Amino acid sequence: MSLHFVHDVPGSRVVFGAGARSRAAAELDRLGARRALLVSGGHEAGFADELAGALGERVVGRFGEVVMHVPTDVAVRAVAAATERAADVLLALGGGSSTGVAKAVARQTGLPIVAVPTTYAGSEMTSIWGLTEGTRKLTGRDERVRPRVVIYDPELTLSLPPRVSAASGMNALAHLVEGLYSPEVSPITVLTAQEGVRALAAGLPRVVERPVDLDARADALYGAWLAGWVLGTTAMGVHHKICHTLGGTYDLPHAETHSAVLPHATAFNEAAAPGAMAAILRALAAAGRVAPSAAAGLWDLAVEIGAPTSLADIGYDPAAVDETAEIVVAGAPTNPRPVTAEGIRELLREALSGKRP
Ligand code: NAD
């Protein structure tokens, strides 16, 4: 076998386990940080209160204006909050939206991030930042935004509602699927991505059936960690480009959009990426799931866990298909199958229908 790859992966320190949030003070000490700006909003606020109480004077300020896709004006106010409080570390507790706001600050200030994720979005493991300027979502990579420490505590996910858990889990699966057919894939990425698909496919149905099952939550969060790592080490393809466009330009909800598009983006790439498809099928089978194709297997999983399968159901207007396709093609994503306007229009129509691919 002729094997060629480059494996060059900067990392984050990862602390994983039920109750791991109690390690936050020790992790701040390890970084030599004394003045944390706690970035957290939305339904995670209760956990943020608890963490702020435990950390006492180390938390010098809180920034709670957490908005999905980080509008630029929110980023400006978050940077101002960090500067006014003379913060020396950003403590981001919450889903990808909280992490995203902290990353916007880190990109401007160079402050380190300690991330405490409470969803399966995976942003905490990447150097990818995202900002929304008007109706366009901009993304890029910058090592300054990669969290220095990630504290994964499955107890913090027990309150994540089943519907949000399901969609967020599909978001994580999307990172794994696109990682598997990325040109930057290496043997370690393949092993990691397969294990991630297996862990999520095994964990998510149990999470949805019994949201307070800590073992199921740990499995799903473990899969999300692997998914974030894979996203951070590979290039994003057509699937992520479509989802960023739908979120940035049409304000569609992030995780739900990933869920509805993923089976169809997978089908779109099926013939061009047979190795990735075989790896997904192997991983699904290892979780006890049999399907005629990777795309069908992902769609079946989405249906079983109650995650969205139709873009129409989450507010996408069919009249926007042409414009969306133009934006996606102009973005020239790295993708195994060539990305053409007609191909994207067809993919979007399939994702609108919600039919099994
Ligand atoms: P989110 O952070 O907005 O969370 C979704 C919902 O879940 C919110 O209402 C939130 O308040 C709630 N929630 C979160 N944790 C909870 C908990 N434990 N209990 C109850 N409710 C809880 O959404 P998300 O899907 O986690 O992240 C989406 C954002 O992350 C998008 O802006 C996306 O672009 C970004 N993202 C970035 C990367 C990256 O590498 N840069 C990767 C993935 C996602």
Side-chain angles (χ1 to χ4, degrees), residues 120 162-181 193-194 196-209 220 223 227 237-243 246 252-318 320-321 324-325 328 335-337 339 342-357:
Y120 308 131
R163 254 196 99 70
V164 184
S165 304
S168 191
M170 293 300 291
N171 185 188
L173 281 161
H175 306 331
L176 298 161
V177 169
E178 292 234 292
L180 280 166
Y181 55 60
Q194 282 185 192
V197 173
R198 185 210 58 76
L200 285 160
L204 290 172
R206 288 153 52 222
V207 159
V208 169
E209 196 186 327
V238 72
H239 170 85
H240 280 79
K241 180 55 78 183
I242 290 174
C243 293
L246 295 176
L252 258 60
H254 179 80
E256 289 78 359
T257 304
H258 273 274
S259 179
V261 172
L262 182 62
H264 303 286
T266 308
F268 178 85
N269 281 320
E270 186 164 335
M277 301 301 144
I280 296 163
L281 279 172
R282 272 197 302 277
L284 290 173
R289 307 187 69 85
V290 179
S293 68
L298 292 166
W299 187 91
D300 291 347
L301 178 62
V303 169
E304 184 180 329
I305 63 180
T309 51
S310 155
L311 281 178
D313 288 351
I314 56 171
Y316 181 55
D317 180 355
V321 163
T324 310
V328 169
N335 194 67
R337 173 174 157 187
V339 175
E342 186 40 40
I344 300 305
R345 284 196 288 270
E346 186 54 30
L347 194 168
L348 289 167
R349 284 186 213 110
E350 293 293 324
L352 269 160
S353 80
K355 282 189 304 212
R356 189 182 197 231

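Computed from a predicted structure; not experimentally measured.
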Asker: Can you pull out every side-chain hydrogen bond (donor to acceptor under 3.5 Å, both in side chains) where at least one residue sits in residues 278-288? Sequence neighbours excluded, please.
Answerer: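 Qualifying pairs: Q194-R282.
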Asker: Using the salt bridge (charged side-chain N to carboxylate O under 4.0 Å, His left out) rule, collect all pairs that involve residues 348-357, keeping only residues at least two apart or in two chains.
Answerer: D300-R356, E342-R349, E346-R349
Asker: Looking at side-chain heavy atoms only, is the closest gap between Y120 and L173 below 4.5 Å?
Answerer: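 A side-chain contact under 4.5 Å is absent here.
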Asker: My understanding is that only residues two or more places apart in sequence, or in another chain, count here; which of them pass side-chain hydrogen bond (donor to acceptor under 3.5 Å, both in side chains) with R163?
Answerer: none
Asker: If I take atom CG from residue L298 and atom CG from residue L200, how far apart are they, to the nearest 0.5 angstrom?
Answerer: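 So the gap between those two atoms works out to 10.5 Å.
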Asker: Which heavy atom of P274 sits nearest a heavy atom of A271, and at what distance?
Answerer: CD-O, 3.6 Å
Asker: Which residues satisfy the side-chain hydrogen bond (donor to acceptor under 3.5 Å, both in side chains) test with T257, sequence neighbours excluded?
Answerer: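 If we apply the side-chain hydrogen bond (donor to acceptor under 3.5 Å, both in side chains) test to T257, skipping adjacent residues, there are no hits.
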Asker: For A167, what residues pass the side chain to side chain contact (heavy atoms under 4.5 Å, CB included) criterion, not counting sequence neighbours?
Answerer: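 Applying side chain to side chain contact (heavy atoms under 4.5 Å, CB included) to A167 gives A255, E256, P308.
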Asker: What closest approach, in Å, do A227 and L176 show between heavy atoms, and which atom pair accounts for it?
Answerer: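 Looking at all heavy atoms of both residues, the shortest contact is CA-CD2, 3.5 Å.
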Asker: With ring pair (Phe, Tyr, Trp, His ring centres under 6.0 Å) as the rule and sequence neighbours excluded, what pairs involving residues 259-310 come up?
Answerer: none
Asker: Please identify each residue that fulfils ring-ring contact (aromatic ring centres under 6.0 Å, His included) with H258, with sequence neighbours left out.
Answerer: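 For H258 the ring-ring contact (aromatic ring centres under 6.0 Å, His included) partners, ignoring immediate neighbours, are H239, H240, H254.
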Asker: State which residues pass side chain to side chain contact (heavy atoms under 4.5 Å, CB included) with A285; sequence neighbours excluded, sorted by chain then number.
Answerer: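 Per chain and number, A285 pairs via side chain to side chain contact (heavy atoms under 4.5 Å, CB included) with no residue.
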Asker: Taking all non-hydrogen atoms of both residues, which atom of V261 and which atom of A351 are closest, and how far apart?
Answerer: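 That closest heavy-atom pairing would be CA-CB, 4.3 Å.
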Asker: Side chains of L348 and V328: closer than 4.5 Å at any heavy-atom pair?
Answerer: no
Asker: Just to verify, what does N269 make a side-chain hydrogen bond (donor to acceptor under 3.5 Å, both in side chains) with, not counting sequence neighbours?
Answerer: Y181, N335
Asker: Under the rule for side-chain hydrogen bond (donor to acceptor under 3.5 Å, both in side chains), what residues qualify as partners of S293, not counting sequence neighbours?
Answerer: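 Not a single residue meets the side-chain hydrogen bond (donor to acceptor under 3.5 Å, both in side chains) criterion with S293.
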Asker: Taking side chain to side chain contact (heavy atoms under 4.5 Å, CB included) as the test, write out the residues that go with A302, two or more places apart.
Answerer: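 Partners of A302 under the side chain to side chain contact (heavy atoms under 4.5 Å, CB included) test: M170, S259, A307, T309.
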Asker: Distance check, rounded to the nearest 0.5 Å: I314 atom CD1 versus L246 atom CG?
Answerer: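 Nearest 0.5 Å value for the CD1-CG distance: 7.5 Å.
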Asker: Please give me the minimum heavy-atom distance between A201 and L284, naming the atom from each residue.
Answerer: CB-CD2, 3.9 Å
Asker: What pair of heavy atoms forms the shortest contact from A294 to T266, and how long is it?
Answerer: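 Closest pair (atom of A294, atom of T266, distance): CB-CG2, 4.0 Å.
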Asker: Return the set of residues passing side chain to side chain contact (heavy atoms under 4.5 Å, CB included) with E304 (not counting sequence neighbours), or none when no residue passes.
Answerer: P205, R289
Asker: If you measure from CG on L262 to SG on C243, what distance do you get to the nearest 0.5 Å?
Answerer: 8.0 Å
Asker: Nearest heavy-atom pair of A267 and P357: which atoms, and what distance?
Answerer: CB-CB, 3.9 Å
